[in-house]
Amino acid sequence: MGKKKRTAIEPTRQEDYPEWYQQVIRAADLAEVSPVRGCMVIKPWGFAIWENMQATLDRMFKETGHENAYFPLFIPMSFLEKEAEHVEGFAKECAVVTHHRLEPGPEGGLVPAGKLEEPLIVRPTSETIIGAMFAKWVQSYRDLPILLNQWCNVVRWEMRTRMFLRTAEFLWQEGHTVHATEAEAREETARMLDVYATFAEEYMAMPVIRGEKTEGERFPGAVSTYTIEAMMQDRKALQAGTSHFLGQNFAKAQEIKFQDQHGQEVYAWTTSWGVSTRLVGALIMTHSDDDGLVLPPKLAPRHVVILPIYRNDQERSEVLPYCESLRAELEGLSFDGAPLRVQLDDRDIRGGEKNWQHIKRGVPLRLEIGPKDLAQEAVFLGRRDTGEKRSVPRSEFLANVVSLLEEIQQNLFAQALKLQKEHSHWFDDWDAFRAFFTPQNPERPEIHGGFAMARFVDTPAVEEKLKELKVTIRCVPLDAEPKPGKCLFTGEPTDRWAVFAKAY
RNA sequence: CGGGGCGUAGCGCAGCCUGGCUAGCGCGCCUGCUUUGGGAGCAGGAGGUCGCGAGUUCGAAUCUCGCCGCCCCGACCA
C-alpha cells in the first residue's frame with residue numbers, strides 16, 4: 001500500500017541521477033572500483049557487453065578496409081614532445097615511468113632503482129608512436145593508404161573519475177591512417193564518424209548528433225575533430241566517439257613523407273579515430289530505468305533467460321526437459337546474424353530473487369516456465385524494456401521471438417530519440433537560453449536543460465560566457481543549414497549555429 | 001588540484017557532539033524446519049584490525065594531527 005512502487009534501484013533517476021548510475025552498475029554486476037586509484041575492475045557481465053561492442057566495431061572496421069595491429073604501451077617522452085599542441089593537450093594527465101627496477105628499501109619494502117635515461121610515458125593515445133612507425137613505412141605513394149586500428153588500453157591521469165565514463169585507465173580502439181591526399185584523409189575521417197554513428201544508432205539504439213567540434217573542443221593537434229553526441233537521460237550530452245582529421249600536423253612533426261607520382265617529396269595526411277569503454281556508460285545512461293540495466297538485444301550478452309519453476313523433484317523432472325528443449329530450439333534461431341544467446345538458469349535460489357537479478361542485469365527477455373506452462377504448451381514471457389508480462393503459446397513465441405527482439409531494439413531507439421527531441425530547442429534569446437540551463441534548486445540540481453541550438457561565432461568570448469552556465473558547445477551539426485541572424489552571445493552577425501549542452 | 005560530504009560485517013546504515021560493559025540494526029550469507037507462479041517465514045549461526053598512521057588519556061569507533069580512498073560541485077578531459 002506504499003504510495004511509491006518499490007524499485008530495484010534506489011535512489012531513482014529523479015531522486016539522484018549520479019547515485020542511480022552507480023547503483024545500476026552495482027546491481028547489474030558490471031564493474032567495481034578497484035584498489036588502484038581511479039581504475040575500475042570490469043566484471044564478466046560488463047565485459048561481455050564491451051566484447052559485443054568490440055566484435056561489431058571490429059567487423060565494421062574490417063569492412064571499411066582496416067587491419068588490426070599493436071603498438072607499444074610505452075612512449076618515449078621525446079615522441080610526445082614533437083607536436084606542440086599535442087604535448088600541451090596531454091602533458092597534464094600522463095603517467096610517467098622513470099625506473100626499471102625495484103630494490104629493498106632501508107626500512108623494508110621496495111624502492112625504485114635503475115633510473116631510465118629517458119622517461120617513458122604510458123600511452124594516453126598513440127599518434128606519436130604510430131606516427132614514428134608510419135614515417136619508416138611510408139616512402140612512396142604506392143605505400144598509401146595505410147589503414148590501421150589497434151584495440152588496447154590507455155592511461156590518462158584524471159582528477160575526477162566516474163565508472164566507465166572517465167577512469168584513469170580505459171579500454172578503447174584507436175584507428176590511425178595515412179593518406180596521399182587531403183581529400184582522401186578527409187573522406188576517411190567522415191567515413192569513420194559515419195561508422196560510429198551507425199554503430200551507436202543501430203547497435204546501441206542510441207540516437208546521436210553528428211557534428212564538428214569547435215576550436216576550443218578540438219583534439220590536441222587535429223585540424224578538425226568530428227564527434228557523435230548523445231543525450232543521456234539526465235539530458236546531459238555525452239561525447240560517444242571522435243574522428244580526427246589531423247591534416248599534415250603529425251606528418252610534419254614526425255617526418256611522414258613520400259614521393260608522389262611526380263617524384264616530389266611531400267608530407268602525408270593522417271587521421272585518427274576512437275571509441276572507448278565509455279560507450280558502456282553511454283549505454284547504461286541511455287536505456288536503463290529504476291529497476292536497473294536495460295540492454296538493446298544486439299549488444300546483450302544474453303537475449304533470453306529461461307527460469308524454471310518447480311516445487312519438488314517430480315515437477316523438476318518435468319519442467320527441466322521442457323526448458324532444455326526450449327533452449328535448444330531457441331539456440332537454433334538466429335538474431336543479427338548469430339545464434340540466439342540463451343541461458344537456462346536453474347540455480348537453486350528462489351524464483352523471485354532470481355527473476356530480479358536478470359531484470360537488474362537488463363536481459364531483454366525472461367521466460368518463466370512452470371508446470372502450468374507445460375500443461376498449456378506455453379511460456380510466461382517477461383519483457384525488460386516495457387515491463388510487459390504475459391503467457392504466450394510456445395509455438396507462437398518461437399515463431400516471433402526474433403522479430404520481438406528486433407522490436408525491442410527499435411523501441412529502445414525510439415524512446416531515446418523521443419527524449420532527445422523533447423529536450424532539444426532552438427534559442428534566439430539569451431535569457432531563455434540561460435533559464436533553460438539554470439536549475440531550480442541550485443543546492444541539489446534537478447534534472448534540467450537538454451540540447452540547445454543557437455547561432456554563435458566561434459570565439460573564446462562565447463566559451464567564457466557559457467562557462468558561467470557550465471554549458472559547452474557540443475558541436476556544429478554536419479547537416480546544419482546556415483541560418484543568417486545574430487550570435488546569441490555576442491550579437492555579431494553570423495549564420496553558424498551549434499548544439500549547446502551540459503556535458504559529461 | 002580547490003570547495004563540500006563520507007569512510008563502522010558483503011551491501012545500506014546507527015553509535016561519535018557529551019571517551020567507559022561483550023560495537024549494534026536492516027538486508028545478504030550459512031544450517032535446519034516450513035514454504036514455493038514471484039524480490040519468503042520461523043529458529044539458530046558465521047562474519048568487524050570501526051579507512052591507515054601517530055598523538056592525548058587509566059581507557060579512543062568516539063577527541064587532536066597527518067595521510068589514503070570514494071562520492072558530489074568546480075577547473076581539466078573520451
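Lettering of chains follows the sequences in order, A, B, ..., and the numbering in each one begins at 1.
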Trainee: K213(A) near the nucleic acid: base, sugar-phosphate alone, or nothing, with a heavy-atom cut-off under 4.0 Å?
Mentor: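 The residue K213(A) makes no contact with any strand.
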Trainee: In whole Å, measure the gap between the C1' atoms of rG10(B) and rG47(B) for me.
Mentor: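 The answer is 10 Å between these two C1' atoms.
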Trainee: Please determine whether a side-chain nitrogen or oxygen atom of R350(A) lies at a distance below 4.0 Å from atom OP1 or OP2 of rA40(B).
Mentor: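 Answer is yes, contact under 4.0 Å.
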Trainee: Could you tell me whether the side chain of M231(A) reaches within less than 4.5 Å of the side chain of F451(A), counting heavy atoms only?
Mentor: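 Side chain of F451(A) against side chain of M231(A), heavy atoms only: contact under 4.5 Å found.
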Trainee: Among rG37(B), rA78(B), rC77(B), which is the nearest nucleotide to the side chain of Q239(A)?
Mentor: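 So the side chain of Q239(A) is nearest to rA78(B).
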Trainee: Who is the Watson-Crick or G-U wobble partner of rC58(B), with both distances under 3.5 Å?
Mentor: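 For rC58(B), the partner nucleotide comes out as rG20(B), under the 3.5 Å rule.
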Trainee: Do NZ/NE/NH1/NH2 and the carboxylate oxygens of R13(A) and D290(A) come within less than 4.0 Å?
Mentor: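 Counted as a salt bridge, because a side-chain N and a carboxylate O are separated by less than 4.0 Å.
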Trainee: Under 4.0 Å, counting only non-hydrogen atoms across every strand here, what does D373(A) touch: a base, just sugar-phosphate, or nothing?
Mentor: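 Contact class for D373(A): base.
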Trainee: Between I349(A) and V36(A), just flag the one whose closest nucleotide in RNA chain B comes earlier from the 5' side.
Mentor: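 The 5'-side residue here is I349(A).
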Trainee: Touch check for G351(A), heavy atoms < 4.0 angstrom, all strands: base, sugar-phosphate only, or nothing?
Mentor: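 No contact at all - G351(A) keeps every heavy atom at 4.0 Å or more from the nucleic acid.
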Trainee: Looking for any heavy atom pair under 4.0 Å, which part of the strands does R160(A) touch: base, sugar-phosphate only, or nothing?
Mentor: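 Contact class for R160(A): base.
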Trainee: P atom, rG4(B) versus rA78(B): distance in rounded Å?
Mentor: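 Roughly 29 Å separates the two P atoms.
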Trainee: Heavy atoms under 4.0 Å, any strand shown: does A8(A) hit a base, just sugar-phosphate, or nothing?
Mentor: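 Result for A8(A) = base.
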Trainee: For the residue pair N153(A) and F170(A), establish whether any side-chain heavy-atom pair is separated by less than 4.5 Å.
Mentor: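 No. Closest side-chain heavy atoms not under 4.5 Å.
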Trainee: With heavy atoms under 4.0 Å as the rule, sort E158(A) into base, sugar-phosphate or nothing.
Mentor: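 Base contact.
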Trainee: Does the side chain of R37(A) get closer than 4.0 angstrom to OP1 or OP2 of rG69(B) through an N or O atom?
Mentor: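 For R37(A), the contact criterion (side-chain N or O under 4.0 Å from OP1 or OP2 of rG69(B)) is met.
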Trainee: Is the ring pair F433(A)/F437(A) parallel, tilted or perpendicular, if the boundaries are 30 and 60 degrees?
Mentor: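 Answer is perpendicular, since the angle exceeds 60°.
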Trainee: Can you tell me whether the side chain of E368(A) and the base of rG38(B) have a donor-acceptor pair closer than 3.5 Å?
Mentor: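 Per atom types, the contact qualifies.
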Trainee: Determine whether the side chains of Q357(A) and R347(A) contain a donor N or O and an acceptor N or O closer than 3.5 Å.
Mentor: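 Result is yes, a qualifying pair exists.
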Trainee: Looking for any heavy atom pair under 4.0 Å, which part of the strands does T242(A) touch: base, sugar-phosphate only, or nothing?
Mentor: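 Answer is nothing: T242(A) stays at 4.0 Å or more from every strand.
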Trainee: State whether K502(A) places a side-chain N or O below 4.0 Å from either non-bridging phosphate oxygen (OP1 or OP2) of rG74(B).
Mentor: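 For K502(A), the contact criterion (side-chain N or O under 4.0 Å from OP1 or OP2 of rG74(B)) is not met.
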Trainee: Please determine, for rA9(B), whether a Watson-Crick or G-U wobble partner exists with both distances under 3.5 Å, and give it or none.
Mentor: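 Base-paired to nothing in any strand shown.
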Trainee: For rC52(B), give its Watson-Crick or G-U wobble partner with both distances under 3.5 Å, or none.
Mentor: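 rC52(B) is paired with rG66(B).
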Trainee: Taking any strand in view, what nucleotide pairs with rC1(B) in a Watson-Crick or G-U wobble way, both distances under 3.5 Å?
Mentor: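 Partner of rC1(B): rG74(B).
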Trainee: Taking the same atom, P, in rA61(B) and in rC16(B), what whole-Å distance lies between them?
Mentor: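 Those two atoms are separated by 14 Å.
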Trainee: Distance check, P atoms only: rU22(B) and rA60(B), in whole angstrom units.
Mentor: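 Rounded to whole Å, the distance is 13 Å.
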Trainee: Indicate whether OP1 or OP2 belonging to rG74(B) is found under 4.0 Å from a side-chain N or O atom of K470(A).
Mentor: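 K470(A) to rG74(B) OP1/OP2: side-chain N or O found under 4.0 Å.
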Trainee: Which part of the nucleic acid, if any, lies within reach of T125(A) when heavy atoms closer than 4.0 Å are counted: base, sugar-phosphate only, or nothing?
Mentor: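 Result for T125(A) = nothing.
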Trainee: Distance check, C1' atoms only: rC13(B) and rA23(B), in whole angstrom units.
Mentor: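 Comparing C1' positions in rC13(B) and rA23(B) gives a spacing of 14 Å.
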Trainee: May I ask you to say what T167(A) touches in the nucleic acid, namely base, sugar-phosphate or nothing, with a heavy-atom cut-off under 4.0 Å?
Mentor: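 Since a base atom lies under 4.0 Å of T167(A), the category is base.
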Trainee: Determine the interatomic distance between C1' on rG59(B) and the same-named atom on rA46(B); round to the nearest Å.
Mentor: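 About 30 Å, rounded to a whole number of Å.
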Trainee: For K354(A), answer base if it contacts any base atom (sugar-phosphate contacts may also be present), sugar-phosphate if it contacts only those atoms, and nothing otherwise; contact means non-hydrogen atoms under 4.0 Å.
Mentor: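 The answer is nothing, as K354(A) stays clear of every strand by at least 4.0 Å.
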Trainee: Is the positively charged end of K465(A) above the ring of F489(A), judged by distance under 6.0 angstrom from the centroid and angle within 45° of the axis?
Mentor: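 No, K465(A) does not sit over the ring of F489(A).
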Trainee: Base, sugar-phosphate, or nothing: which does G38(A) touch, judged by heavy atoms less than 4.0 Å apart?
Mentor: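 Sugar-phosphate, no base atom in range.
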Trainee: Nearest-nucleotide wise, let me know which of C39(A) and T277(A) is further upstream toward the 5' end of RNA chain B.
Mentor: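 The answer here is C39(A).
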Trainee: Classify Y310(A) by what it touches in the nucleic acid, base, sugar-phosphate, or nothing, heavy-atom distance under 4.0 Å.
Mentor: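 If one applies the 4.0 Å heavy-atom cut-off, Y310(A) turns out to touch nothing in the nucleic acid.
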Trainee: For a quick test of reading the model: is some side-chain N or O of R26(A) closer than 4.0 Å to OP1 or OP2 of rG10(B)?
Mentor: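 False: R26(A) side-chain N/O out of range (4.0 Å or more) of rG10(B) OP1/OP2.
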Trainee: Is any side-chain heavy atom of L365(A) closer than 4.5 Å to one of R384(A)?
Mentor: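 Of all side-chain heavy-atom pairs linking L365(A) with R384(A), none is under 4.5 Å.
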Trainee: Counting the atoms with a prime plus P, OP1 and OP2 as sugar-phosphate, which does F90(A) contact under 4.0 Å by heavy atoms, base, sugar-phosphate, or nothing?
Mentor: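 Answer is nothing: F90(A) stays at 4.0 Å or more from every strand.
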Trainee: If the P atom of rC33(B) is compared with that of rC6(B), how far apart are they to the nearest Å?
Mentor: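 To the nearest whole Å, 47 Å.
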Trainee: I'd like the P distance from rC21(B) over to rC63(B), given in whole Å.
Mentor: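 It works out to 15 Å between them.
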Trainee: Give L238(A) one of three labels, base, sugar-phosphate or nothing, depending on what nucleic acid heavy atoms sit under 4.0 Å from its own.
Mentor: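 No contact.
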Trainee: Compute both the distance and the angle, then confirm whether K92(A) meets the cation-pi test with F90(A): under 6.0 Å from the six-membered ring centre, within 45 degrees of the axis.
Mentor: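 No, K92(A) does not lie over the aromatic ring of F90(A).
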